[in-house]
Amino acid sequence: MVKKLGAEFYNRKDVVKISKELLGKILVTNWKGVITSGRIVECEAYAGVIDKASHASGGRRTPRNEIMYGEGGYAYVYLCYGIHHLFNVVTNSRDIPHAILIRALDPIEGIEEMLLRTDKKKLDHTLTRGPGNVSKALGIFTKHSGLSLLGDRIFIADDGGRYSKKETAASPRIGVDYAGKDAFLPYRFYVKGNPFVSGKPR
DNA sequence: GAGTAGATCCTCT
DNA sequence: GAGGATCTACTCA
């Protein structure tokens, strides 16, 4: 039984808790009938204004991150280093800019299509490892920023699959060294032993 | 195997 | 005009 997550899932206040619950859920994109999906095995929480690693740190508000200040349940896509598209899930309610970065997926559906998009010959653990690759494999670009996850084009589903506490772990986030002590917050959640988890142990 | 540099472009100051 | 929530390839050991 697969069911799409509704607004009540995203609009809760505890972004860390939502992040943990996202592990095991399925991210689906449906561009003009072409469906690709994967199970979320790694993500990071960005806790709004108090989090120096977040784009909304200290209450920063720009046209780019405006979507983070909206309702939960929207996609926030951002281009990093001119190359990588990073896909985030906006959570919490209006004016509270919490978001969750999806870092890795375990591919389920549309693997052929993902291989085409990423210019790979065969499935290997690099296909959906790392946020840049996830977006590439699912065909997510900055123009998709602001899309509702309650629609049909991009959404997150629950098929009842769930990882137990023993199978998951938390660690400091990746690539946010500039954030001072906030870089050490254990806001990265992943499935232990999954080959798609980008492992840069610290 | 580990460490480092380069790619590449949008966004904010 | 500078820098970034990254990835890959290449160098050196």
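By convention in this document, chain letters (A, B, ...) are assigned in the order of the sequence lines, proteins followed by strands, and residues within each chain are numbered from 1.
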**Check: A/Asn11 side chain, A/Gly72 main-chain N or O, donor-acceptor pair, under 3.5 Å** =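 Yes.
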
**Request:** Give a yes or no answer on whether the side chain of A/Ser57 reaches the backbone of A/Ala53 with a donor-acceptor pair at less than 3.5 Å.
**Result:**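 A pair under 3.5 Å: no.
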
**Request:** From the options B/dT8, B/dT11, C/dT6, select the nucleotide whose nearest atom is closest to the side chain of A/Pro131.
**Result:**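 For A/Pro131, the side-chain atoms sit closest to C/dT6.
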
**Prompt:** Among C/dA5, B/dA7, C/dT8, which nucleotide sits nearest the side chain of A/Ile83?
**Reply:**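 Side chain of A/Ile83 sits closest to B/dA7.
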
**Message:** Would A/Tyr78 count as stacking on C/dA5 if stacking means ring centres less than 5.5 angstrom apart and planes tilted under 30 degrees?
**Reply:**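 No, A/Tyr78 does not stack on the base of C/dA5, since the centre distance and plane angle fail the 5.5 Å and 30° test.
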
**Message:** Any strand counts, and the cut-off is 3.5 Å on both contacts for Watson-Crick or G-U wobble. Which nucleotide pairs with B/dT8?
**Reply:**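 Checking every strand shown, B/dT8 finds no partner, since no pair has both distances under 3.5 Å.
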
**Identified pairing partner of C/dA5, criterion: Watson-Crick or G-U wobble below 3.5 Å** =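 Pairing partner: none.
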
**Request:** Would you mind checking if A/Arg129 and A/Asp106 are paired as a salt bridge, meaning a charged N to carboxylate O distance below 4.0 Å?
**Result:**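 Between A/Arg129 and A/Asp106 there is no salt bridge, as every charged N stays at least 4.0 Å from the carboxylate O atoms.
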
**Message:** Tell me whether A/Lys3 is salt-bridged to A/Asp159, with the criterion being a basic N under 4.0 Å from an acidic carboxylate O.
**Reply:**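 Answer for the salt bridge query: no.
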
For atom [atom1] of [X] and atom [atom2] of [N], their distance in whole Å:
X	N	atom1	atom2	result
A/Arg64	C/dG4	CZ	P	11 Å
A/Tyr46	C/dG4	OH	C1'	12 Å
A/Leu79	B/dT8	CG	P	12 Å

**Request:** Please check the phosphate of C/dA5 (OP1 and OP2 only) for any side-chain N or O of A/His84 closer than 4.0 Å.
**Result:**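 Indeed not, no polar side-chain atom of A/His84 lies that close.
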
**Message:** Using OP1 and OP2 only, check whether a side-chain N or O of A/Asn133 sits under 4.0 Å from C/dT8.
**Reply:**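 Answer is yes, contact under 4.0 Å.
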
**Asked** Where each residue is assigned the nucleotide of DNA chain B containing its nearest heavy atom, which of A/Tyr81 and A/Thr142 is assigned the position nearer the 5′ end?
**Response**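 Its nucleotide being nearer the 5' end, the pick is A/Tyr81.
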
